[in-house]
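Structure first, then comments.
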Amino acid sequence: RVTERHDGKQVPIKHLYRRQYQTAGGDWRTIYYAIFTDWKGKRRKFALGSEIKAAKDALALYEARTSRGKISTGTLPAE
């Protein structure tokens, strides 16, 4: 899980997960994911990219769409 600092404490960000791995060339890669249960009760997992700020913004969009019952595919419209 991804965490943020609030009042000196590490607090997890709900639904936001990070995957880090080392490539064959020795470089490290990080990919952020949103993992949650949608309004239909189905477990969903979406890749949000490799930058934390963009991942948080995309997570906010997914959470808003899920709360309204609008999410049914793994893609968001391009901005």
(request) Write down the atom of Arg43, the atom of Thr37, and the distance for their closest heavy-atom approach. (result) NH1-OG1, 3.8 Å

(message) Looking at every non-hydrogen atom in both residues, tell me the closest pair between Ala55 and Leu48 and how far apart they are.
(response) O-CD1, 3.5 Å

(message) Please give the remaining members of the hydrophobic cluster of Tyr33, linking ILVMFWY side chains under 4.5 Å, ordered by chain and number.
(response) Tyr17, Tyr21, Ile31, Ile35

(message) For residues 47-58, which residue pairs pass the salt bridge (charged side-chain N to carboxylate O under 4.0 Å, His left out) check, not counting sequence neighbours?
(response) Glu4-Lys56, Lys53-Asp57

(request) Output the distance between atom CD (Glu63) and atom NZ (Lys14), rounded to the nearest 0.5 Å. (result) 8.0 Å

(request) Supply the atom-to-atom distance Tyr32 OH to Arg18 CZ, rounded to the nearest 0.5 angstrom. (result) 5.0 Å

(message) Once side chain to side chain donor-acceptor pair (under 3.5 Å) is applied, do any residues pair with Arg5, and if so which ones, sequence neighbours excluded?
(response) Gln10

(message) Suppose we screen for side chain to side chain contact (heavy atoms under 4.5 Å, CB included). Which residues come up paired with Lys9, at least two apart in sequence or across chains?
(response) none

(request) Please state whether the rings of Tyr62 and Phe46 are parallel, tilted or perpendicular, taking 30° and 60° as the class boundaries. (result) parallel

(request) Kindly compute the distance separating NE2 (His15) from CG (Leu59), expressed to the nearest 0.5 Å. (result) 7.0 Å

(request) Supply the atom-to-atom distance Leu16 CG to Phe36 CZ, rounded to the nearest 0.5 angstrom. (result) 11.5 Å

(request) Please name all residues satisfying side chain to side chain donor-acceptor pair (under 3.5 Å) with Gln20, sequence neighbours left out, ordered by chain then number. (result) Thr30

